[in-house]
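Heavy atoms only: backbone and side chains are in, while hydrogens, waters and symmetry mates are out. Reminder, nothing fancy here: chain letters follow the sequence lines and each chain counts from 1.
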Number of protein chains: 2
Amino acid sequence: MVNTIMSVNEDAFISKISRYITPSASEIVALKKILANDVKCVARVELIEDYEIFGPIFILNKGWGYSFRDLPNGLRQIIDFILPGDIFGLQEIFLGGSNLGFASITSVDAAVVSPRTLLGMSRQWPRLGGAILWSASLQGSIAAERLVALGRRSAAGRMAHLLLELSIRLEFIGQGSPSGFFCPLTQHDLANALGLTPVHVNRVLRHLRQLELVVFRNSKVEFLDRQGLIDIAHFDAAYLGRNRDASRKIFGN
Amino acid sequence: MVNTIMSVNEDAFISKISRYITPSASEIVALKKILANDVKCVARVELIEDYEIFGPIFILNKGWGYSFRDLPNGLRQIIDFILPGDIFGLQEIFLGGSNLGFASITSVDAAVVSPRTLLGMSRQWPRLGGAILWSASLQGSIAAERLVALGRRSAAGRMAHLLLELSIRLEFIGQGSPSGFFCPLTQHDLANALGLTPVHVNRVLRHLRQLELVVFRNSKVEFLDRQGLIDIAHFDAAYLGRNRDASRKIFGN
DNA sequence: CGTTTGGTTGACCAAGTTCAATCAGAGTGG
DNA sequence: CCACTCTGATTGAACTTGGTCAACCAAACG
């Protein structure tokens, strides 16, 4: 009972799922207990699972990371960026281990949760279990949208789309603002996420800068013309989830 | 009680989840009751959801379909092919509606399930609930792998990868064989799935034919050199799931 | 038959890659 | 304070993959 309601919003995960449910005081206590069992690691560390049984589940408290898959020829594809409040390893637990790797971008503080713990929590606090599934659905929807981007958007469109997505996801957890955000990604990271080469990422960023749409420099993204970006990205934020009333209608919680 | 254990394998969904659990007689009865509430539709019909509340969930009994998203400029990206036994609309129910469309490829026979029904079944038959989540995880893993393909594989690699994947997924439900399978996809469908143009799909197929790796003609895929395909696709079937012992170790069911 | 749908091919073009060189900033040791 | 090094950003030139446009073919169907 160390943590109380006083500090609700200091945990990114709690502010994230607050888009879906308003956790009760006792639910918050249960969550904080789980979130407190954390590990810290420095920037640019990789965890390759390669289908270990009992893949760990991380809930990011602080810092940025990404999930990825490497091809035998050394190419890497970033599946999703893991921001504070996001969960890594959840979709894969039913498959008997993950075939995705996790890499830290900044230094990271992550809660380590076992599948068993998660299952227990879901039974005792069904609303929290629902919130976990909601979060997993959201990450699935983000992956689907990135699939659309890689398949059918131009390089500039992909870049614009990703920057807008990150901006909105950060705002959900109280970070960044509509005018810009802190962004620790290298151009190499962006290339691995967007299916491009680092060289071309550089050219695309220059292009967007010359069009006076965004400036990405010194780990900071500044939006100059957000509507212009939305237009070239064909961006529609619907895939990032609706307000909670929509889902409440389905399950009646 | 019309259906009994005698007819276990006629339902694709039941044979699909049999990779994960062995359903009991009463579980099969419950499943068959749900699967019997079906609709049929002809080939090449589209259902655009566009974030309707209460998006329907389909479990395909027969036929092929796909989930997709369209961009404002008219381009379409296929997210995943929905084969017999696959579920459409599951990942999205927690988001308060889907932003994906569904399209039939062949004529289709699909069970229509409401979120409420699914929730009720999961409570009454927890192992079936687990199987549903396993199935959703699997489809997420397939989407992630397609993301890798679009980001980091060549056109020929993507094509080889997709054909191998479809072959294996069909074998899981007792269709097709290692030497080939019936494939109702048009080159246009392949283009929308692989992020290519139909013209280039045609050239890639010719290329693979000239390399004597696969022949795709008259709605039939014939593998000539499966290992050769695996090589150029960098194919590793691990993402399609492990044997059931792996996941059993986690949850102890 | 004529029409429609999907497959096939060629010539040309453009987006993005490759290779290679240069640059800027941060950290490190002398 | 100055090399020295390392990482990441930047740019140019040549090249490749895949796209675009346009024509033609083949099977299916009314």
*asked:* Could you measure the distance from the CG atom of B:L190 to the CZ atom of B:R158? Nearest 0.5 Å is fine.
replied: 12.5 Å

*Mind checking what makes side-chain hydrogen bond (donor to acceptor under 3.5 Å, both in side chains) contact with A:R44, not counting sequence neighbours?*
A:D189

*asked:* Quick test of your reading of the model: are A:D11 and A:K62 salt-bridged, counting only N-O distances below 4.0 Å?
replied: no

*Give the rounded distance in Å between these two atoms: CZ of A:F216 and P of D:dA9.*
7 Å

_Rounded distance in Å - CG (B:D189) to P (C:dT5)_ = 14 Å

*Phosphate oxygens OP1/OP2 of D:dT10: is one of them under 4.0 Å from a side-chain N or O of A:N202?*
yes

*Quick one: which of D:dG19, C:dG7, C:dG16 gets closest to the side chain of B:L196?*
D:dG19

*Can you check whether any acceptor in the base of C:dG7 is under 3.5 Å from a donor in the side chain of B:R203, or vice versa?*
no

*Tell me, do B:L138 and B:K16 make a side-chain contact under 4.5 Å, heavy atoms counted?*
yes

_Separation of C:dT9 P from B:H207 NE2 (nearest whole Å)_ = 14 Å

*Considering just the side-chain nitrogens and oxygens of A:Q187, establish if one lies under 4.0 Å of OP1 or OP2 belonging to D:dT7.*
no

*State plainly whether the residues B:R217 and B:E222 are in salt-bridge range, i.e. N to O under 4.0 Å.*
no

*When you measure from the side chain of B:V199, which nucleotide among C:dT17, C:dG10, D:dT11 comes out closest?*
C:dG10

*In residues 157-165 of chain A, which ones come under 4.0 Å of DNA chain D, going by heavy atoms?*
none

*What integer distance in Å separates A:N218:CG from C:dA26:C1'?*
12 Å

*More 5' along DNA chain D: A:L205 or A:R152, using each one's nearest nucleotide?*
A:L205

*Could you point out which residue of B:F81, B:F68, B:F88, B:W64 forms a ring-ring contact (aromatic ring centres under 6.0 Å, His included) with B:F102?*
B:F88

*Axial bend angle, the helix from C:dC1-D:dG30 to C:dG30-D:dC1: five-pair end segments, nearest 10°*: 30°

*asked:* In this structure, how many angstroms lie between the P atom of C:dG16 and the CZ atom of A:R153, rounded?
replied: 14 Å

_With a 4.5 Å cut-off on side-chain heavy atoms, are A:F13 and A:I173 touching?_
no

*Starting from P on C:dG6, measure out to CZ on B:R217 and report it in whole angstrom.*
18 Å

*asked:* Tell me the interatomic distance from A:R209, atom CZ, to D:dA9, atom C1', rounded to whole angstroms.
replied: 10 Å

_So that I know where these two stand, are A:Y239 and A:H161 an aromatic pair - ring centroids less than 6.0 Å apart?_
yes

*Within 45° cone and under 6.0 Å: B:R19 NZ/CZ vs B:F172 ring*: yes

*For the pair made of NZ in B:K220 and P in C:dG7, what is the distance, rounded to whole Å?*
16 Å

_Side-chain N,O (B:R206) to OP1/OP2 (C:dT9) below 4.0 Å_ = yes

*Looking at side-chain heavy atoms only, is the closest gap between A:V221 and A:V214 below 4.5 Å?*
yes

